[in-house]
Protein chains: 2
Amino acid sequence: MVRPQAASPSSREKILEVAEAHFARRGFSGVGLRELAQAAGLGKSSLFHHFAGKSQLYFEVLERVLARIQVRLAAALARPGAPLARLEGWVDALVDALAEHPASARLLLRGLVEDEDFPDEPLHEAQRAEQLLGEILQGIHALLREGIERGDFRRLSVPDTVQTLIGATVYHFASGELGESIMGGPLLSSEAVRRRKQELRQLLHQGLAAGAADPGLRRG
Amino acid sequence: MVRPQAASPSSREKILEVAEAHFARRGFSGVGLRELAQAAGLGKSSLFHHFAGKSQLYFEVLERVLARIQVRLAAALARPGAPLARLEGWVDALVDALAEHPASARLLLRGLVEDEDFPDEPLHEAQRAEQLLGEILQGIHALLREGIERGDFRRLSVPDTVQTLIGATVYHFASGELGESIMGGPLLSSEAVRRRKQELRQLLHQGLAAGAADPGLRRG
DNA sequence: GTCTATATCACGATAGAC
DNA sequence: GTCTATCGTGATATAGAC
């Protein structure tokens, strides 16, 4: 790998930066390389010097976002504590990661749900992105199972709960204009982010706890 | 207005039908009118006899989906009962609506998050779709507020809870391959749908209820 | 109402000068 | 590494025969 340079971003990094924003807003097929190059301050053909094609650029963007998030989530899971506390740390870390980089949530929601047929055969970048996603999912999956086995959580459906967690975080921060209309204000202000974390914490604390159905199994 | 004809679907209805599936899978910019016409069993130019253009067709599809859902949700809200019971009925109705028509959730998720710049000025179909969405949101908003005022729900943030409900339903059924990978099976089997409803019911029953111990305000 | 052209334009990608 | 010029294709949309 060539050394990172913090001072002035290379063209390559500039392209990745603007591509992230554009793909997040318009999706893969909605973005033209022409506008993308223009936004990066380059001619259209210069993109092909840095990336093999549109698909490769797209997956490299996706990989960057997933890597950024995976690091934070793994760190949150590695902290000591009971499953519920670690789950709340995991959610907080995910919310922070999504809120900090406004394009992330939309890009993820698109990338995960989208169903383009990419012309080229399995790109290396796509495989790496899928691997990162797998690590994220495996981590939260294991945590939920641990919480159930310890009796801290009720006997919830782990996959359903994972889906609910994704929806409550990724969808929320990807919801754009609709979300702001529902919330009656910005999604990304520090106050809105703080309130979101607090609301999720309460919902999960009450909603996942082992309750009347499993009396006596609660532990401190 | 010309009256609908139930017997054999008109070309117009056939187009709407296949357009719904295509737009759901590929998004607005990902769908070409050529493939769309072919899937409907028509020549490409025939589409323009029934619809003014691609944008109008898209919004008419969106409007149909929203109308279908809005009717069910309004009916669920109109049933008598306590707020929690009516909320559970609302969620069940939404899940049923999304599960019954597989393209709906994806189309909605795209339509709500997507941010295309549609060339034409405010289309009538787009305004109608927005109005239906507004009615849906207003209904669930009022229900949550009523539950809080009656003391059935804790003092939750109504907008945050609306967002969570959307994420837990629309995202889930829009999650496609990723969702099936997480769930370890189909999203739309009657068993999966039943379990999803049951899980959401438990989460909301415990998570929104008033009177539980306060989880404590951690700083952050 | 459906069709066969066709117009016009943007797309991704390439070639090659500098 | 960036540029201009261009290729080939497919996009939306239109014109007009039947």
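FYI, side chains are in, hydrogens and waters are out, and symmetry mates aren't considered; it's all heavy atoms of this structure. Source: prediction; values computed, not measured. We name chains A, B, ... by the order of the sequence lines, and we start the count at 1 in each one.
In this structure, the side chains of L178(A) and L137(B) come closer than 4.5 Å at one or more pairs of heavy atoms. Counting heavy atoms from C-beta on, the side chains of L208(A) and L203(A) never come closer than 4.5 Å.
For the pair I15(B) CD1 and dG1(C) P, the interatomic distance rounds to 11 Å; values are reported in whole Å. Rounded to whole angstrom, the span from the CG atom of L33(B) across to the P atom of dA13(D) amounts to 6 Å. Summarising the geometry, the separation between CZ on R26(B) and C1' on dA11(D) is reported as 15 Å, rounded to the nearest angstrom. Between L36(B) atom CG and dG10(D) atom C1' the separation is 15 Å, expressed in whole Å. Here dA13(C) presents its P atom at 10 Å from CG of L57(A), a figure rounded to the nearest Å. Going from atom CD of E13(B) over to atom P of dG1(C) covers 12 Å, rounded to whole Å. The nearest whole Å value for the distance from the CD atom in Q38(A) to the P atom in dA10(C) is 13 Å. Rounded to an integer number of Å, the gap from CZ of F48(A) to C1' of dA5(D) is 15 Å.
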- Item | Derivation of the side chain to side chain contact (heavy atoms under 4.5 Å, CB included) call for S175(A) and L187(A) | CA-CA 9 Å; S175(A) 60; L187(A) 296 172; 3.6 Å; yes
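The backbone N or O of S157(B) lies less than 3.5 Å from a partner atom in the side chain of T161(B), making a donor-acceptor pair. A distance-only check finds no donor-acceptor pair linking the side chain of R86(B) to the backbone of A78(B) [under 3.5 Å].
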- Do nucleotides 2-8 of chain C as a string where each nucleotide becomes B, S or -: B if the base has a protein heavy atom under 4.0 Å, S if just the sugar-phosphate does, - if no protein is that close. BBBB---
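Side chains of S190(B) and R195(B): a donor-acceptor N/O pair is absent below 3.5 angstrom, by distance only.
A distance of 11.0 Å separates CD in E63(B) from CD in Q127(B), rounded to the nearest 0.5 Å.
A salt bridge (Lys or Arg N to Asp or Glu O under 4.0 Å) with E20(A) holds for exactly one of R68(A), R106(A), R26(A), R110(A); it is R68(A).
Where the helix from dG1(C)-dC18(D) to dC18(C)-dG1(D) starts and where it ends, the local axes point in directions that differ by 0°; five pairs per end, rounded to 10°.
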Throw together a table of side-chain donor-acceptor distances under 3.5 angstrom for residues 27-52 of chain B, partners on residues two or more places apart or in other chains.
| residue | atom | partner | partner atom | Å |
| --- | --- | --- | --- | --- |
| S29(B) | OG | E116(B) | OE1 | 3.4 |
| S29(B) | OG | E116(B) | OE2 | 3.0 |
| E35(B) | OE2 | G32(B) | N | 3.0 |

